[in-house]
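So the structure is just underneath, and the comments pick up after that.
Keep in mind it's a predicted model, so treat the numbers as computed, not measured.
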Amino acid sequence: EAKQLMQERCRMLESKLKGQKGKSLQDSSGHDGNSEKLLFTKTGSWVIGAGDMRSQIISLGEHASSVDARFVILRWKFDSTPSDLNVDFNIMKGKCETPSDYAKADYLIKDRAIMGGAGGETEGAFNIDSTCTFLWSNIKSWIRPRTVKYEIDIVALK
């Protein structure tokens, strides 16, 4: 019952986030005071085989020298299919390419089981080497692959 309540709470927060995305913030004088700047968006998709993992390394790249990594927000949303099966989701600070890197990584989100899709945002993802790593894991499944379609926005606060 507690798990079901938490999942409902997550869905509610994710729908709130979806509603807020794209709206500009208003300052006290009523002028459009956009306090954030979209640096770039990355979209893609993966087919994650049964018993397999896929990672995506996100780097600030050319923006690393022009922004303070402490004030960069990482926003993500993704959908997995089939939507009635779960996939584990992780976000790690820094560049993590191998299972040994995953073992010693600094996790922002670790082993979050997702059914269907998810969305959220976090700060501090780029504090190590101006990179972070997304990891989707299907190692608990030995029969069915998963398809993950994702969109990642990198936003700098002004």
Side-chain angles (χ1 to χ4, degrees), residues 3-48 53-81 83 86-98 101-138 146-158:
K3 182 179 177 182
Q4 183 180 9
L5 289 172
M6 284 303 294
Q7 287 175 336
E8 289 173 12
R9 175 80 173 142
C10 285
R11 279 192 290 275
M12 183 184 74
L13 290 172
E14 287 167 354
S15 74
K16 268 186 169 180
L17 177 65
K18 217 180 248 188
Q20 290 296 324
K21 187 176 179 189
K23 291 183 180 179
S24 63
L25 299 174
Q26 297 280 327
D27 64 13
S28 59
S29 63
H31 296 98
D32 186 16
N34 221 354
S35 65
E36 51 188 47
K37 175 185 173 191
L38 180 65
L39 297 177
F40 63 94
T41 298
K42 184 161 183 73
T43 59
S45 64
W46 292 108
V47 174
I48 307 166
M53 295 185 284
R54 289 287 184 151
S55 64
Q56 178 66 50
I57 297 171
I58 308 295
S59 174
L60 288 179
E62 63 192 45
H63 302 287
S65 61
S66 64
V67 297
D68 187 344
R70 295 175 299 168
F71 302 111
V72 173
I73 295 175
L74 174 68
R75 290 189 181 130
W76 71 92
K77 62 181 174 181
F78 66 90
D79 293 312
S80 65
T81 53
S83 61
N86 67 341
V87 63
D88 288 342
F89 175 62
N90 303 272
I91 299 178
M92 300 166 274
K93 291 181 181 180
K95 186 176 185 179
C96 302
E97 298 178 297
T98 64
D101 292 340
Y102 304 153
K104 59 185 175 187
D106 184 7
Y107 283 85
L108 294 167
I109 295 176
K110 185 171 184 175
D111 295 331
R112 181 176 169 193
I114 304 294
M115 286 186 98
E121 70 178 39
T122 189
E123 296 176 10
F126 296 100
N127 290 351
I128 301 175
D129 298 331
S130 298
T131 59
C132 69
T133 304
F134 279 70
L135 176 68
W136 291 276
S137 173
N138 193 23
R146 311 287 191 270
T147 302
V148 174
K149 294 180 183 176
Y150 62 89
E151 181 179 327
I152 301 167
D153 293 335
I154 312 303
V155 179
L157 299 177
K158 291 182 181 177

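- The side-chain heavy atoms of V67 and F126, taken from C-beta on, include no pair separated by under 4.5 Å.
- Summarising the geometry, atom CD1 belonging to I58 is positioned 6.0 Å from atom CD1 belonging to I154; distances are rounded to the nearest 0.5 Å.
- Atoms CG and CZ, from L60 and F40 in turn, are 6.0 Å apart once rounded to the nearest 0.5 Å.
- Residues satisfying the salt bridge (charged side-chain N to carboxylate O under 4.0 Å, His left out) test with D79, not counting sequence neighbours, are none.
- For the pair N90/I109, no side-chain contact is recorded, criterion being any heavy-atom separation below 4.5 Å from C-beta on.
- Contact check for C132 versus L74: side-chain heavy atoms found under the 4.5 Å cut-off.
- Distance CD/E123 to CG/L108: 10.5 Å, rounded to 0.5 Å.
- The shortest distance between side-chain heavy atoms of W76 and I91 falls below 4.5 Å.
- Heavy-atom minimum distance, Y102 versus Y107: O-OH, 2.8 Å.
- Taking every heavy atom of both residues into account, L135 and S55 meet most closely at CD1-CB, 4.0 Å.
- Closest non-hydrogen pair, S137 versus V87, comes out as O-CG2, 3.3 Å.
- From S80, atom OG reaches atom CH2 of W46 across 16.0 Å, with rounding to the nearest 0.5 Å.
- In this structure, the separation between OG1 on T133 and NZ on K93 is 12.5 Å, given to the nearest 0.5 Å.
- Taking the side chain as every heavy atom from C-beta outward, L38 and E36 never approach each other to under 4.5 Å.
- Between K95 and I57 the shortest heavy-atom distance is CG-CD1, 3.6 Å.
- Here OG1 of T98 is found 7.0 Å from NZ of K104. Values are rounded to the nearest 0.5 Å.
- Annotation: side chain of F89 is in contact with side chain of F78 (closest heavy-atom distance under 4.5 Å).
- When each of M53, R54, R146 is tested with N138 by the rule side-chain contact (heavy atoms from CB on, under 4.5 Å), just one qualifies, namely R146.
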